[in-house]
Trainee: 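Sending over a structure as structure tokens; questions will come in a sec.
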Amino acid sequence: MSDEIRSVRGFHDILGNDLKKFRRITNVVRRILKLYNFEEIILPVVEYAELFQRSIGEVTDIVQKEMFTFQDKKGRWLALRPEGTAGTVRAYIQHRMYAERPYRKLFYEGPMFRYERPQAGRYRQFHQIGAEIFGVGDPEADFEIIEIVYKILKELNITVVIEINSLGCLKCRPAYREELVTFLNEVEENLCEVCKERKDKNPLRVLDCKVETCRETFKSSPKVIDYLCEECKEHFERLQSFLNSSDIPYRINPSLVRGLDYYSRTVFEAVSDDLSTTIIAGGRYDYLVEQLGGPPTPATGFAVGIERTALLLPDVEEDVESYIVIPFGEVKEYAMKVADILRSKGYTVEFSYRRGGLRKQLEYADKMGFRYAVIIGEDEMKEGKVTLKDMREGVQVTKNIEEL
RNA sequence: GAGGGUGUAGCUCAGCUGGUAGAGCAGUGGACUGUGGAUCCACGGGUCGCGGGUUCGAGUCCCGUCACCCUCCCCA
């Protein structure tokens, strides 16, 4: 036992009930994305580290402290992807997708990697499923993304609040940023230690602080939405008008900012009240494609944190209508044939390897939750029949092999 | 990167001021040779996370270390 090899810290196996929840989430998301005609792309797990430095932002924690980076044999810096958007944009550019159609809707699913301390719903290898719309600058696209997020949560029966905000664009954000820094310097003594640190590094992030005294202080801080230029203001208002004419509940959170540098204009988060954590988030990133070497292309998208969402799902006991074939006596060949006949009709069938008498066999069938036990003894074999027992109802019938 | 908690049987856990390791559940077999969800009996199973120290003697005390869980930071 002492020399047993365990999985690497923060890298976990997903099995049993956790896997059921995992699949439930991805199935729901995939089905909804299909309704909106998104197409899947499978992206590599490894990219050049530079891709993330140039997209997520050099000064973000993700890039500075949380990325798994390493050198290949030729000394190039590679990284395990910490998120999916950068790779999707890279692929969009690399395959010249911008030249094929006026716009493109893509989705991806897979493991992401961040080097951080594991805790509830958070691992070093975690999984996201996300979608992006390239080439649409209009708020319709933002609305579609938020609508999809809402449908996902509704279908999964998860109660969350969708918070939205606008971060403005390159025209209006710098002015706001300056105002904010001025304000933060004035109230510096009221800020927590972390905020004092962050104020110079990434001032927008300060607004995200959860410390009560900070929140109180920020009530009088300048708000991004008051500094939006005409175009950004109109964009944000039209998004709200789409939302208002839908049944999607939302609220504006003027302090909502996101931790990745590439966002512009619309940002949103689906925040769980009982978990007090974000499970789905996203927003618009109109400069990223160009920043990574493509033509100017507006884009917007979202990502679902699968493990985190799974925490909000109840344990599900699904009734699988599966069969167990119980051979009793010298009937193995016959019993295997019966099992295969059932499989050819599409049933899930386990051939029992459990040793022991019929009693033990039925105990096993009961414990494992099989709906039907197909009992096959020498009597049944002689007559070309089987005994089919309904484990739930406790009744059994004898059937000819052809009647299965 | 900072802080807190926990490591004893497959699982959940007890084990007092140091004195040879325990329960429940699960497993296997039997009571019961072709009928489960119940009962009873028996059996197997542990370098007490790892390393060192104190001691005649350490699961228990001390030091170190690792892992897991949780919180902060950060983020989905």
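First the proteins, then the strands, lettered A, B, ... as listed; each starts at 1.
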Trainee: Would you measure the distance from the C1' atom in B:rU39 across to the matching atom in B:rG45 and give it in whole Å?
Mentor: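 Nearest-Å result for B:rU39 against B:rG45 at atom C1': 24 Å.
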Trainee: Return yes if the base of B:rU35 and the side-chain atoms of A:Q361 contain a donor-acceptor N/O pair under 3.5 Å, otherwise no.
Mentor: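 Donor-acceptor pair under 3.5 Å: no.
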Trainee: For A:Y263 and for A:D366, locate the closest nucleotide of RNA chain B by heavy-atom distance; then report the residue assigned to the nucleotide nearer the 5' terminus.
Mentor: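 Closest to the 5' end, via its nearest nucleotide, is A:D366.
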Trainee: Just checking, any donor-acceptor pair under 3.5 angstrom between side chains of A:E380 and A:T387?
Mentor: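 The answer is yes; a qualifying pair exists.
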Trainee: Rounding to an integer number of Å, can you tell me how far A:K65 NZ sits from B:rA2 P?
Mentor: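 Whole-Å distance recorded here is 11 Å.
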Trainee: Determine the Euclidean distance between corresponding P atoms of B:rC41 and B:rC32; express it in Å to zero decimal places.
Mentor: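 Their P atoms lie roughly 16 Å apart.
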Trainee: Do other residues, nucleotides or ligands put more than 12 heavy atoms under 6.0 Å from A:I42 CD1?
Mentor: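 Atom CD1 in A:I42 is not crowded, with 12 or fewer foreign heavy atoms closer than 6.0 Å.
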Trainee: Could you measure between the two P atoms, the one in B:rG27 and the one in B:rC66, and give it in whole Å?
Mentor: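 These two P atoms come out 38 Å apart once rounded.
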Trainee: Taking the same atom, P, in B:rG59 and in B:rG3, what whole-Å distance lies between them?
Mentor: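 Nearest-Å result for B:rG59 against B:rG3 at atom P: 31 Å.
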Trainee: Once you round it to whole Å, what is the distance between P of B:rC70 and CD of A:E307?
Mentor: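 For the pair A:E307 CD and B:rC70 P, the rounded distance is 13 Å.
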Trainee: Write down the distance between NZ (A:K360) and C1' (B:rG30), rounded to a whole number of angstrom.
Mentor: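 Going from A:K360 (NZ) to B:rG30 (C1'), I get 7 Å.
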Trainee: What is the separation between atom NE2 on A:H12 and atom P on B:rA67, rounded to the nearest whole Å?
Mentor: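 Rounding to the nearest Å, NE2 of A:H12 and P of B:rA67 are 18 Å apart.
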Trainee: So, is the end of the A:R124 side chain (NZ or CZ) under 6.0 Å from the ring centre of A:Y115 and within 45° of the ring's axis?
Mentor: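 Pair A:R124/A:Y115 counts as cation-pi.
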Trainee: How far does the C1' atom of B:rU60 sit from the matching atom of B:rG19, given to the nearest Å?
Mentor: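 Going atom to atom, C1' in each nucleotide, I get 11 Å.
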Trainee: Taking 4.0 angstrom as the limit, do A:R308 and A:E269 come out as a salt bridge?
Mentor: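 No, no charged N to carboxylate O under 4.0 Å.
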Trainee: If you measure from the Lys or Arg side-chain nitrogens to the Asp or Glu carboxylate oxygens, is any gap between A:E147 and A:K154 under 4.0 Å?
Mentor: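 Looking at A:K154 together with A:E147, the answer is no, because their closest N to O distance does not fall below 4.0 Å.
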Trainee: Output yes when A:E403 and A:K385 qualify as a salt bridge under the 4.0 Å nitrogen-oxygen rule, no when they do not.
Mentor: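 The answer is no: the pair does not qualify as a salt bridge.
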Trainee: Expressed in whole Å, how much space separates the C1' atoms belonging to B:rC43 and B:rA26?
Mentor: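 B:rC43 and B:rA26 have their C1' atoms separated by 14 Å.
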Trainee: Rounded to whole angstrom, note down the P distance from B:rG49 over to B:rC16.
Mentor: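 Result for the P pair: 14 Å, nearest Å.
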Trainee: Which residue pairs pass the ring pair (Phe, Tyr, Trp, His ring centres under 6.0 Å) test when at least one of the two sits in residues 383-404 of chain A, sequence neighbours left out?
Mentor: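 Listed once each, the pairs would be none.
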Trainee: Counting only non-hydrogen atoms, which of residues 127-135 of chain A are less than 4.0 Å from RNA chain B?
Mentor: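 A:Q128, in order of number.
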Trainee: Name the stems that RNA chain B belongs to, where each is three or more consecutive Watson-Crick or G-U pairs with both distances under 3.5 Å?
Mentor: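 Stems for RNA chain B, defined as runs of 3 or more consecutive pairs: B:1-7 with B:66-72, B:10-13 with B:22-25, B:27-31 with B:39-43, B:49-53 with B:61-65.
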Trainee: Holding to side chain to side chain contact (heavy atoms under 4.5 Å, CB included), I want the full list of residues that pass it with A:I14, two or more places apart in sequence or in another chain.
Mentor: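 Scan of A:I14 (side chain to side chain contact (heavy atoms under 4.5 Å, CB included), adjacent residues dropped) gives A:H12, A:D18, A:L19, A:F22, A:H127, A:E307.
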Trainee: Return the orientation label for the A:Y285 and A:Y263 ring planes: parallel under 30°, perpendicular over 60°, tilted otherwise.
Mentor: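 A:Y285 vs A:Y263 ring planes: perpendicular.
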Trainee: Could you go through nucleotides 25-27 of chain B and list every protein N or O atom that sits under 3.5 Å from one of its N or O atoms, giving the distance for each pair?
Mentor:
unit_1: B:rG27; atom_1: OP1; unit_2: A:K367; atom_2: NZ; d: 3.4

Trainee: Identify, residue by residue, the members of residues 106-120 of chain A with a heavy atom below 4.0 Å from RNA chain B, and return them in order of residue number, or none.
Mentor: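 Heavy-atom cutoff 4.0 Å gives A:R114, A:E116, A:R117, A:Q119, A:A120.
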